[in-house]
*Asks:* 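Let me give you the structure first, and then I'll get to my questions.
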2 protein chains.
Amino acid sequence: MDEIDDFDRQLLALLQIDCRQTGDALAEQVGLSPASCLRRLQRLRRIGAVEREVAIVAPELLGRHITVLSLLTLRRGGRDALDRLRQKLLRLPQVERIFHVTGPADFVLTVRCASMEAYAAFTEEHFYDPAISGFESIVVLREHRPAMPDAAH
Amino acid sequence: MDEIDDFDRQLLALLQIDCRQTGDALAEQVGLSPASCLRRLQRLRRIGAVEREVAIVAPELLGRHITVLSLLTLRRGGRDALDRLRQKLLRLPQVERIFHVTGPADFVLTVRCASMEAYAAFTEEHFYDPAISGFESIVVLREHRPAMPDAAH
DNA sequence: GATTAATCGCAAGATTTTCGCGCAGGGTGA
DNA sequence: TCACCCTGCGCGAAAATCTTGCGATTAATC
């Protein structure tokens, strides 16, 4: 039913790098016909193996020049407060990812802002919350991303 | 030249959510013709505003069931050693992101492995390195992702 | 060894993207 | 103010790509 075979795994690996490859390109790399590759891709999308296909946008061009890892420590309280906080954080455009983690901190967020000043304002607005007992900020000096192997002509 | 106007920003916002929309769909949302949208998209790719377009794959289906944040502290040493380490980390399939950060740690990685056991093996193989003086692991219990607003079918 | 189910490749048809063209709006300088 | 250029628009044709029906092949089951 939802079985993933080696062809599927190959396709997923390729699509994780570049999801805009044509059926022909995929076919050549995995050794199937273009039609079969695309049929498999349809299925992978349908069963949720491919959750989404998204563009990665240069953050500076959206005016988000700095990245910070925010470690939030929550006040022990009801699940409701926690859910509410989570929902709120999910909706903030500055919040890129939310990890619920083990250890002294409860959440680790990756946050992107226009400037340090904007991050300061962000923390003042959102981290001084009844559900949050404290936070720590780790500033990202630079992010290293795996390059795309073959920036098409 | 490389100017980003409001149409571009709208397109980028839409493509960040779903980069597989057709020219027609984009056109309807931003109020331009399909051809113009696609021409802008070509340009956004060319100037690097759209860095990549990737599929987000359900990690379990790739056999990567757990996520860990690894905080690496480096031994003070030459730039060469640091560069070499960075290059090495970039190539590991388990390493999803690499942040070079301020604070006591030098690097924060997001690492995906099949199991805790696999993570342990991973650390033994890669974190006991002359360039690394120590590391801390924060296990991700759960990740909350912003949902895609309208899974078209 | 027959039957069933899955999936392949092929190729026609539908959809989407690319691109040349002519035109409108906005600066610029005489 | 008036040419003039430059940019970006929409239109529509051509090219590229994706989808799907079909018969054939293969693997598994009984």
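This is a predicted model, so every value here is computed, not measured. The figures that follow rest on heavy atoms only: side chains count, while hydrogens, waters and symmetry mates do not. Just so it is clear: chains get the letters A, B, ... in the order the sequence lines come, proteins before strands, and each one is counted from 1.
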*Asks:* When the distance from CZ of A:Phe7 to C1' of C:dA6 is rounded to whole Å, what number comes out?
*Replies:* 14 Å
*Asks:* Pick the nucleotide of DNA chain C nearest each of A:Pro34 and B:Asp24; which residue has the one closer to the 5' end?
*Replies:*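 Counting from the 5' end, the first nearest nucleotide belongs to A:Pro34.
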*Asks:* Whole-Å distance between D:dT26 P and A:Asp5 CG?
*Replies:* 17 Å
*Asks:* Starting from P on D:dT17, measure out to CG on A:Leu38 and report it in whole angstrom.
*Replies:* 11 Å
*Asks:* It should be established whether B:Ser36 places a side-chain nitrogen or oxygen under 4.0 Å from OP1 or OP2 of nucleotide D:dG10.
*Replies:* yes
*Asks:* Any idea which of C:dT16, D:dG12, D:dT20 is nearest the B:Ala35 side chain?
*Replies:* D:dG12
*Asks:* Against B:Asp106, only a single residue in B:Arg76, B:Arg86, B:Arg75 fulfils salt bridge (Lys or Arg N to Asp or Glu O under 4.0 Å); can you say which?
*Replies:*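 Answer after filtering B:Arg76, B:Arg86, B:Arg75: B:Arg76.
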*Asks:* Find the distance A:Leu32:CG to D:dT25:C1' and express it as a whole number of Å.
*Replies:*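 Between C1' of D:dT25 and CG of A:Leu32: 14 Å.
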*Asks:* Closer than 4.0 angstrom, basic N to acidic O: yes or no for B:Arg52 and A:Asp18?
*Replies:* no
*Asks:* Once you measure the plane-to-plane angle for B:Tyr119 and B:Phe122, does it fall in the parallel (<30°), tilted (30-60°) or perpendicular (>60°) bin?
*Replies:*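 Parallel: the ring planes of B:Tyr119 and B:Phe122 meet at under 30°.
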*Asks:* Starting at CD of B:Glu28 and ending at P of C:dT16, how long is that distance when rounded to a whole Å?
*Replies:*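 After rounding, the reported distance stands at 13 Å.
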*Asks:* Could you tell me how far apart B:Leu26 (CG) and C:dT18 (P) are, to the nearest whole angstrom?
*Replies:* 12 Å
*Asks:* Will you find, in the side chains of A:Arg97 and A:Thr110, an N or O donor that is under 3.5 Å from an N or O acceptor?
*Replies:* no
*Asks:* Is A:Gln42 near enough to D:dC18 that one of its side-chain N or O atoms lies under 4.0 angstrom from OP1 or OP2?
*Replies:*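 For D:dC18, neither OP1 nor OP2 has a side-chain N or O of A:Gln42 closer than 4.0 Å.
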*Asks:* Would you please classify the geometry between the A:His144 ring and the B:His100 ring as parallel, tilted or perpendicular, with 30° and 60° separating the classes?
*Replies:* parallel
*Asks:* Starting the side chain at C-beta, find the nucleotide from D:dT17, C:dT17, C:dC10 nearest to A:Thr22.
*Replies:*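 Selected nucleotide (nearest to the side chain): D:dT17.
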*Asks:* Whole angstroms only, please: what is the CD1-P distance between A:Ile4 and C:dT7?
*Replies:* 11 Å
*Asks:* Counting only side-chain N and O atoms of A:Arg20, is one of them less than 4.0 Å from OP1 or OP2 of D:dT17?
*Replies:*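 For A:Arg20, the contact criterion (side-chain N or O under 4.0 Å from OP1 or OP2 of D:dT17) is not met.
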*Asks:* Are OP1 or OP2 of C:dC8 and a side-chain N or O of A:Arg40 less than 4.0 angstrom apart?
*Replies:*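 Yes.
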*Asks:* Could you tell me how far apart A:Leu11 (CG) and D:dC18 (C1') are, to the nearest whole angstrom?
*Replies:* 15 Å
*Asks:* Taking N and O atoms by type only, does the side chain of B:Arg43 place a donor or acceptor under 3.5 Å from a partner on the base of D:dG8?
*Replies:* no
